[in-house]
Amino acid sequence: MPDPNAVTDPTATPVPLTDPNAPPAAPLDLTQIKSMLNLPDTASDVELITALVELISNLQQKYDALLSDATTLQGQITNRDLEDFSDVITAETTPFWENQLLANRAETITVLSGMRDAKPVAPVIPAAPARVPLSNRIASAPKPMIELAGGVNPADKNRAVAIRNRAHELRKTEKLPWSEAFQRAEKEITK
């Protein structure tokens, strides 16, 4: 029994106590280990240790390769998450959020999603539609066929003015409706 009054060193590693009810450890079966390593039963202890060291070395190389792949994939996932939340994460806070994603990705994504949801969304103002005048309300007046055909003949223009003036006189003097005055003036001038 250890002395309960004895002074112990607080920095010392505690020695685990053995359980008196624990079953005794089974002895190692070296023939089974040799058969697992494809060694003959007559292999010496040195050959067994050499085979075990080679096995450990191969396992260490595989572990290092897997660790490298896992680190690369973890970096890619972190970069994708940083891009997904680029509307919430600023350039100054990127290193902080990168560390948070590496330490605890699930909780960090929850926090970033909450920040995104809490961020006020600016209303989208639709662009004003371009004004296109209706086809029956075009600003320019329609042109008569004479102008489209190449202009007005000066003789026809003078004749039209004379008909109009005569129709106006007939209307004033004889008090005729415009259509009747125009027909009479047209007959008089075209003779």
Acceptor/donor pairs from residues 89-103 side chains to any protein atom, 3.5 angstrom cut, sequence neighbours excluded:
{"unit_1": "T90", "atom_1": "OG1", "unit_2": "E92", "atom_2": "OE1", "d": "3.4"}
{"unit_1": "T90", "atom_1": "OG1", "unit_2": "T93", "atom_2": "N", "d": "3.4"}
{"unit_1": "T90", "atom_1": "OG1", "unit_2": "T93", "atom_2": "OG1", "d": "3.0"}
{"unit_1": "T93", "atom_1": "OG1", "unit_2": "T90", "atom_2": "N", "d": "3.2"}
{"unit_1": "T93", "atom_1": "OG1", "unit_2": "T90", "atom_2": "O", "d": "3.2"}
{"unit_1": "T94", "atom_1": "OG1", "unit_2": "T90", "atom_2": "O", "d": "2.9"}
{"unit_1": "N99", "atom_1": "ND2", "unit_2": "P95", "atom_2": "O", "d": "3.4"}

query = By side chain to side chain contact (heavy atoms under 4.5 Å, CB included), which residues pair with V53, not counting sequence neighbours?
reply = I49
Shortest non-hydrogen contact between A181 and L170, atoms and distance = O-CD1, 3.8 Å
ask   = Is a donor on one side and an acceptor on the other found under 3.5 Å between the side chain of K34 and the backbone of A43?
value = yes
request  = Please identify each residue that fulfils side chain to side chain contact (heavy atoms under 4.5 Å, CB included) with D84, with sequence neighbours left out.
outcome  = R80, D81
query = Could you give all pairs that pass the side chain to side chain donor-acceptor pair (under 3.5 Å) test and reach residues 173-190, with sequence neighbours left out?
reply = R166-E188, E174-R184
task = Please round to the nearest 0.5 Å and tell me the distance separating atom CD1 of I189 and atom CG of N165.
result = 8.0 Å
task = Treating Ile, Leu, Val, Met, Phe, Trp and Tyr as nodes and any side-chain heavy-atom pair under 4.5 angstrom as an edge, say whether I109 and L82 lie in one connected cluster.
result = yes
key: Other ILVMFWY residues reachable from L67 by side-chain steps of under 4.5 Å   = Y63
request  = Work out which heavy atom in A167 is nearest to a heavy atom in A185; give both atom names and the distance.
outcome  = N-CB, 3.5 Å
Full working for side chain to side chain contact (heavy atoms under 4.5 Å, CB included) between H168 and R164 = CA-CA 6 Å; H168 189 61; R164 183 193 68 201; 5.7 Å; no
key: Closest approach of A51 to L37 (non-hydrogen atoms, all atoms of both residues)   = CB-CD1, 4.0 Å
message = Test of understanding: with side chain to side chain donor-acceptor pair (under 3.5 Å), list the residues that count as partners of T31, not counting sequence neighbours.
response = D29
request  = Hey, could you give me the CG/CG distance between L48 and L52, rounded to the nearest 0.5 Å?
outcome  = 4.5 Å
ask   = With sequence neighbours left out, what residues match T110 under side chain to side chain contact (heavy atoms under 4.5 Å, CB included)?
value = none
task = Scan residues 41-55 for pairs that pass salt bridge (charged side-chain N to carboxylate O under 4.0 Å, His left out), counting only residues two or more places apart or in two chains.
result = none
message = D64: which residues meet the side chain to side chain donor-acceptor pair (under 3.5 Å) condition with it, sequence neighbours left out?
response = Q60
Distance (rounded to the nearest 0.5 Å) between R159 CZ and I163 CD1 = 4.5 Å
inquiry  = Under the rule for side chain to side chain contact (heavy atoms under 4.5 Å, CB included), what residues qualify as partners of Q61, not counting sequence neighbours?
reply    = S57, N58
